[in-house]
There are 2 protein chains.
Amino acid sequence: MKHTGSPDAALLDVTAPQRELLDQVLDKWSLQVLDQLCGRPLRFNELRRVIPDVGQKSLTATLRRLERNGMIERVVLAARPVAVEYRISPIGDSLNELVDALLQWTSTTLPHVEAARERYDGATDTEAARA
Amino acid sequence: MKHTGSPDAALLDVTAPQRELLDQVLDKWSLQVLDQLCGRPLRFNELRRVIPDVGQKSLTATLRRLERNGMIERVVLAARPVAVEYRISPIGDSLNELVDALLQWTSTTLPHVEAARERYDGATDTEAARA
DNA sequence: CCGTATCCAGACCGATACTG
DNA sequence: CAGTATCGGTCTGGATACGG
């Protein structure tokens, strides 16, 4: 668990393509869409139902962005009326593994984080109380 | 490279504490601050210099948030005028490892992503041209 | 040197209405 | 069903000025 040296700070620069990719793929809704799509494909309104509080607009934008970056595939089914199915791609699948690692990390560190928050909030509170 | 099943979809819900933690720690500036701080501590204005385009306000907010979540430590040095040093914590260090994995992922998949983008843009262009 | 306070333009996001 | 178009409020984030 020892981190040694940054790999390359330039990769994190806001203008770096790697950084832009992360931004387009790690946002609020993308993670949930990717997660829901792993395993089985889902339709547009199924996604709306299964992801709480997502609006049409946001979901559409998220799906388009993920499709453009090759994370998911949009499949138009021959049906009346139109039916569209979204399925995860191999690349999207590989991203999901990393997200799982991230999620695992949050779960194990959450107790420490909450302890840190209480310490911080307590300190700033008493500080404010003195003023 | 096979992803099998979501670990727990509920963890990704916007209201889930795990999800909130990720939001507070994976944003634009946080990643760069964390990356810069790994190895050696830095002062406030050193961070400003080394991270391109970050404003005082954003940097301050980022540092406070990271401190509150226990990712970094704020050390006030005995000096005139005031000198403050920020150093990474063990938790922040463990996060950096995951970020490195993410960065590695972006680097290896970037060619595929760019290919996907060209396909997508080309398809939507010709589609628009027909209209 | 290390911030906080304030103001303001622009992005974002939900609600709504409408189309193929 | 699966979107597109538009409008209005919110919230972010940069620029600026000032304080400890």
Side-chain angles (χ1 to χ4, degrees), chain A residues 13-15 19-20 23-33 36-37 41-68 72-87 120 123-125 127-128 130-131, chain B residues 13-15 19-20 23-33 36-37 41-68 72-87 120 123-125 127-128 130-131:
Chain A
D13 188 320
V14 202
T15 63
R19 176 66 230 218
E20 288 178 47
D23 285 340
Q24 298 200 11
V25 139
L26 287 185
D27 64 291
K28 195 164 89 160
W29 302 120
S30 291
L31 293 191
Q32 293 179 77
V33 169
Q36 289 295 341
L37 251 36
L42 288 175
R43 308 249 302 273
F44 186 84
N45 282 326
E46 288 176 321
L47 281 169
R48 279 194 76 180
R49 250 170 271 128
V50 89
I51 300 178
D53 304 327
V54 69
Q56 300 178 326
K57 194 177 171 181
S58 302
L59 182 55
T60 303
T62 300
L63 290 170
R64 293 285 173 277
R65 196 172 342 110
L66 290 177
E67 187 195 358
R68 192 176 108 92
I72 62 175
E73 284 155 25
R74 179 175 182 274
V75 184
V76 180
L77 303 172
R80 304 286 326 252
V82 191
V84 177
E85 196 176 85
Y86 293 92
R87 51 181 67 234
Y120 182 93
T124 52
D125 276 358
E127 187 176 315
R130 262 199 308 279
Chain B
D13 189 318
V14 202
T15 63
R19 176 67 230 217
E20 287 178 48
D23 285 340
Q24 298 200 10
V25 138
L26 287 185
D27 63 293
K28 193 164 90 159
W29 302 118
S30 291
L31 293 190
Q32 293 179 75
V33 169
Q36 289 294 341
L37 251 36
L42 287 175
R43 307 250 302 273
F44 186 83
N45 282 327
E46 288 177 321
L47 281 168
R48 280 194 77 180
R49 249 171 270 128
V50 89
I51 300 177
D53 303 328
V54 69
Q56 297 179 327
K57 190 177 171 180
S58 302
L59 182 54
T60 302
T62 301
L63 290 170
R64 293 285 174 278
R65 195 171 342 108
L66 289 177
E67 189 196 357
R68 191 175 109 92
I72 64 175
E73 284 154 26
R74 181 175 182 271
V75 183
V76 180
L77 304 172
R80 302 288 323 253
V82 192
V84 178
E85 198 176 82
Y86 294 92
R87 51 181 67 236
Y120 182 93
T124 51
D125 275 358
E127 189 178 313
R130 262 200 309 280

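Here is the naming used below: chain letters follow the sequence lines, and residue numbers restart at 1 for every chain.
The separation between B/L47 atom CG and C/dG3 atom C1' is 14 Å, rounded to whole Å. Distance CD (B/E85) to P (C/dC2): 10 Å, rounded to an integer number of Å. With rounding to whole Å, B/D23 atom CG is found 16 Å from D/dC11 atom P. Atom C1' of nucleotide C/dG3 and atom CG of B/L77 are separated by 15 Å, given to the nearest angstrom. Here the C1' atom of nucleotide D/dA2 and the CD atom of A/E46 are 13 Å apart, to the nearest Å. With rounding to whole Å, B/L42 atom CG is found 13 Å from C/dG3 atom P.
Within the model, atoms OH of A/Y120 and CZ of B/R65 stand 10.5 Å from one another, a figure rounded to the nearest 0.5 Å. Note that OH of B/Y86 is 8.0 Å distant from CG of B/L47, once rounded to the nearest 0.5 Å. Atom CG in B/D53 sits 12.5 Å away from atom CG in B/L59 (nearest 0.5 Å).
When distances run from any side-chain atom of A/A83 to the nucleotides C/dC2, D/dA2, D/dG3, the shortest one goes to D/dA2.
A salt bridge links B/E85 with B/R87: the closest approach of a Lys/Arg side-chain nitrogen to an acidic carboxylate oxygen falls below 4.0 angstrom. A salt bridge does not link A/R48 to A/E46: none of the charged nitrogens lies less than 4.0 Å from a carboxylate oxygen.
Considering only side-chain N and O atoms, A/Y86 lies nowhere under 4.0 angstrom from the phosphate OP1 or OP2 of D/dC1. Contact check, A/R64 against D/dA2: no side-chain N or O comes under 4.0 Å of OP1 or OP2.
Put simply, the side chain of B/V84 does not reach to within 4.5 Å of the side chain of B/R43, judged on heavy atoms.
Among the heavy atoms of the strands, none lies under 4.0 Å from A/R80. Here A/R48 lies out of heavy-atom contact (under 4.0 Å) with every strand.
For the pair A/S30 (side chain) and A/L26 (backbone), a donor-acceptor distance under 3.5 Å is absent.
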Exercise. Which letter, B, S or -, goes with each nucleotide of nucleotides 13-20 of chain C from 5' to 3', with contact meaning a protein heavy atom under 4.0 Å?
Worked result: BBBBB---
